[in-house]
Amino acid sequence: MDAPLSPASPATLPTVAVVGLGTMGTGIAEVLARAGREVIGIDVSEAAAAQAVAALEASTARAVRRERLTEDERQGILARFRTFTDLQAAADADLVIEVAPESYDIKQQIFRDLDAVVRPETILATGTNALSVTRLAADSARPERVLGLHFFNPAPAMKLVEVVSSVLTAPTAVAAVTDLAIELGKEPVAVGDRPGFVADGLLFGYLNQAAAMYEAKYASREDIDAAMKLGCGLPMGPLALLDLIGVDTARRVLDAMYAESHDRLHAPAPVLKQLSEAGLTGRKSGRGFYTYAEPGSSEVVRDALTPLAGEVVDGARTIRSVGVAGSGTMASGIAEVFAKAGYDVVLAARSEEKAEKAKSRIGKSLSRSVDKGRMTAEAATQALDRITPAGTYDAFSDVDLALEAVAEDLEIKRELFSTFDKVCKPGAVLATTTSSLPVVACARATSRPQDVIGMHFFNPAPAMKLVEVVRTVLTGDDVHATVREVCAKIRKHPVDCGDRAGFIVNALLFPYLNNAIKMVQEHYATLDDIDAAMRLGGGYPMGPFELLDVVGLDVSLAIEKVLHREFRDPGLAPAPLLEHLVAAGCLGRKTGRGFREYARR
């Protein structure tokens with residue numbers, strides 16, 4: 001991707017030195033040169049400096065071929081980038097950005113050497129994503145001019161820049177680099193000095209938990225990655241992302257975070273150490289959590305852990321009719337999914353009126369699909385005709401699969417499963433859509449726990465492709481096989497997981513959301529900056545506070561409490577700010593106010 005060009009005579013920090021010409025340093029140098037800055041590239045390795053020049057020549061040549069640059073503009077960019085092997089070359093720089101290896105010893109030596117070279121007013125920036133900016137500043141002769149300037153890889157494409165202040169940083173230095181970031185076409189967010197800052201601080205805790213989940217053999221690597229892509233709309237699953245970042249790099253970042261926070265969520269999962277020490281560092285080595293065609297390749301190849309494609313499911317029961325219990329959005333969405341897939345559906349609620357309203361909601365949804373050209377009017381009519389509303393669960397007497405989507409309350413669900421046990425025929429599969437409650441507790445309310453399984457759909461059910469298939473220790477193999485076969489027929493992607501709080505998605509998502517709330521609660525960063533950081537730096541479709549307000553703060557708090565109760569980890573305790581907002585009735589979009597205020601409809 002080509003960075004935008006700024007005016008030819010930049011007002012802010014016109015001469016910038018970049019110390020360290022690895023991938024990140026080279027990318028930053030390109031962004032600066034394209035934006036009209038004189039760029040002094042410095043690396044102790046002549047080969048690295050030559051490679052940086054070659055990379056800039058290649059990327060600008062591509063831009064000319066794509067007609068995004070003229071040849072004159074390209075020559076101007078190349079002329080503005082000069083490389084050296086001695087820090088003395090930074091003497092005339094207005095700003096120095098060091099992007100050396102993540103080592104205090106290396107970075108502190110660079111800063112000490114720069115003190116003897118640069119002008120008193122020159123700003124010194126570190127590109128670290130894990131080390132303390134304050135500690136680096138304290139060793140400088142002028143700590144007030146030292147700050148963090150954290151770009152994201154690849155620097156020419158990624159919009160986010162975290163501007164990191166220490167307690168020693170002068171506001172004028174912060175203002176100057178913030179203006180520079182804007183002139184570079186980036187979106188700067190202001191953050192305090194804490195390991196990982198905002199984006200990596202939230203991202204690496206999530207990645208670490210995913211690694212620990214895999215290490216515990218709770219779910220396969222493919223299912224963990226598919227769950228987070230399909231359940232959260234992420235561009236990449238956590239284990240694939242760890243391979244891209246580098247398992248060794250992730251381990252170093254987590255080590256630094258844990259040294260500062262002592263939060264167990266940041267204590268690197270042992271599997272990260274094991275892979276690192278074995279040289280299985282991800283894409284760059286050709287193998288990490290996955291195996292790649294060759295070192296540096298993005299092509300995943302089959303290995304001993306790869307599941308068989310198109311695996312035949314043996315022992316599945318025949319499912320022709322489905323009973324859906326409930327009348328809310330989730331129940332009607334699930335009923336619509338099954339009806340569109342050709343199943344006869346009984347939609348039962350606590351009253352005939354509620355069931356009829358739910359069917360009416362499905363009819364409107366199907367009409368919208370017709371209007372958008374996603375299905376024919378005839379197919380929509382046939383799907384709606386397959387749904388029979390009922391005001392009693394006795395109507396489930398002949399269904400092959402009974403699935404509840406009622407309130408997330410264990411006693412209500414247990415009572416419903418007791419009813420299923422009485423009214424459903426022998427051999428019927430009994431399923432719960434719970435997102436956080438123990439499936440086995442529902443199973444124990446019946447005389448046939450082997451027939452009970454979790455099928456956690458995601459809202460809106462017609463659109464979301466993921467279903468978490470939750471086996472208990474009592475679930476029969478044939479029931480598991482049946483549900484996986486059903487998922488294929490309704491065009492959903494099943495992921496297998498055990499009966500543990502949060503399953504895959506919520507167990508990884510909500511600690512991340514909780515940590516974001518703690519950042520705001522501790523005045524570390526604003527919610528707008530955190531949302532921007534995770535959208536721009538992490539590729540999330542929504543920032544954490546946008547998502548919390550959509551999900552509902554009361555729902556989020558309930559899930560956080562379940563996770564904390566099950567895992568007993570102090571780091572999972574719900575943030576007090578979340579509890580206070582829920583107590584005040586600020587539940588998100590549905591009440592018009594959560595972390596933000598919304599216009600009343």
Side-chain angles (χ1 to χ4, degrees), residues 191-192 194 196 198-199 201-206 208-209 231-232 257 260-267 328-330 406-413 434-438 441 456 458-459 500-534 538 540 542-598 600:
V191 298
R194 141 176 170 174
V198 169
L202 293 175
L203 178 65
F204 277 89
Y206 150 70
N208 192 39
Q209 284 186 287
C232 297
M257 290 172 65
E260 295 288 333
S261 71
H262 300 294
D263 186 333
R264 280 168 53 192
L265 296 178
H266 300 150
T329 304
M330 181 59 84
V406 299
E408 194 73 344
D409 180 296
L410 187 56
E411 287 313 306
I412 291 174
K413 290 185 187 290
T434 183
S435 62
S436 59
L437 299 174
H456 179 213
F458 287 75
N459 216 359
R500 194 174 87 177
F503 310 135
I504 296 175
V505 173
N506 287 348
L508 295 178
L509 175 65
F510 280 89
Y512 148 79
L513 296 174
N514 199 42
N515 285 338
I517 299 169
K518 290 176 183 176
M519 283 186 174
V520 167
Q521 182 179 283
E522 294 162 8
H523 306 289
Y524 172 67
T526 67
L527 56 90
D528 287 338
D529 278 349
I530 293 171
D531 273 355
M534 296 317 295
Y540 283 67
M542 283 187 182
F545 298 100
E546 293 174 277
L547 183 56
L548 281 158
D549 279 352
V550 168
V551 170
L553 273 57
D554 52 340
V555 173
S556 301
L557 178 59
I559 294 172
E560 289 287 357
K561 285 181 173 178
V562 168
L563 291 172
H564 184 225
R565 189 163 58 243
E566 175 131 338
F567 296 110
R568 311 293 176 93
D569 187 332
L572 295 176
L577 177 57
L578 178 62
E579 295 186 298
H580 295 163
L581 287 169
V582 171
C586 301
L587 307 183
R589 288 191 181 180
K590 60 189 174 186
T591 61
R593 183 177 175 189
F595 283 98
R596 294 183 174 88
E597 291 194 26
Y598 301 89
R600 295 282 186 179

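Note: hydrogens, waters and symmetry copies are ignored here, and every other heavy atom, side chains too, is used. As the structure is a computational prediction, the values presented were derived from the model and not from experiment.
- Between T329 and N459 the shortest side-chain heavy-atom distance falls below 4.5 Å.
- Scanning all heavy atoms of the two residues, the minimum distance from E560 to P511 falls at OE2-N, 4.0 Å.
- The main-chain N or O of G192 is found under 3.5 Å from a side-chain atom of Y524 such that the two form a donor-acceptor pair.
- Between F510 and V562 the shortest side-chain heavy-atom distance does not fall below 4.5 Å.
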Going through the distances and angles, do F503 and T434 end up as a side-chain contact (heavy atoms from CB on, under 4.5 Å)? CA-CA 10 Å; F503 310 135; T434 183; 4.2 Å; yes
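- Across all their heavy atoms, L553 and L548 have their closest contact at CD1-O, 3.5 Å.
- For F545, the ring pair (Phe, Tyr, Trp, His ring centres under 6.0 Å) partners at least two apart in sequence or on another chain are F595.
- Going from atom CE of M534 over to atom OH of Y540 covers 4.5 Å, rounded to the nearest 0.5 Å.
- Considering all non-hydrogen atoms of both residues, H456 and S435 come closest at NE2-CB, 3.3 Å.
- Checked against salt bridge (charged side-chain N to carboxylate O under 4.0 Å, His left out), D549 has no partners two or more places apart in sequence or in another chain.
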Would you tabulate the side-chain donor-acceptor contacts of residues 563-582 under 3.5 Å, counting partners in other chains and residues two or more places apart, or write 'none'?
from	atom 1	to	atom 2	distance (Å)
E566	OE2	A501	N	3.2
R568	NE	R565	O	2.7
D569	OD1	G571	N	2.8
H580	ND1	P576	O	3.4

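- For the side chain to side chain contact (heavy atoms under 4.5 Å, CB included) test, residues two or more places apart in sequence or in another chain that qualify with N208 are L254, A269, L272.
- Considering all non-hydrogen atoms of both residues, I530 and A516 come closest at CD1-O, 3.9 Å.
- Evaluation of the salt bridge (charged side-chain N to carboxylate O under 4.0 Å, His left out) rule for D528 yields R596 as partners, not counting sequence neighbours.
- Here the closest non-hydrogen pair linking V198 and A525 is CG2-CB, 3.9 Å.
- Within the model, atoms CG of N506 and SG of C232 stand 8.0 Å from one another, a figure rounded to the nearest 0.5 Å.
- Not a single donor-acceptor pair under 3.5 Å links the side chain of E260 to the backbone N or O of R194.
- In this structure, CD1 on I517 lies 10.5 Å from CG on L527, to the nearest 0.5 angstrom.
- Applying the ring pair (Phe, Tyr, Trp, His ring centres under 6.0 Å) test to H262 and every residue at least two apart in sequence or in another chain returns Y258.
- Residues L547 and L509 have side chains in contact (heavy-atom distance under 4.5 Å, counting atoms from C-beta outward).
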Would E408 and K413 satisfy side-chain contact (heavy atoms from CB on, under 4.5 Å), going step by step from the backbone distance to the final call? CA-CA 8 Å; E408 194 73 344; K413 290 185 187 290; 3.2 Å; yes
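- Nearest heavy-atom pair across L265 and Q209 is CD2-NE2, 3.6 Å.
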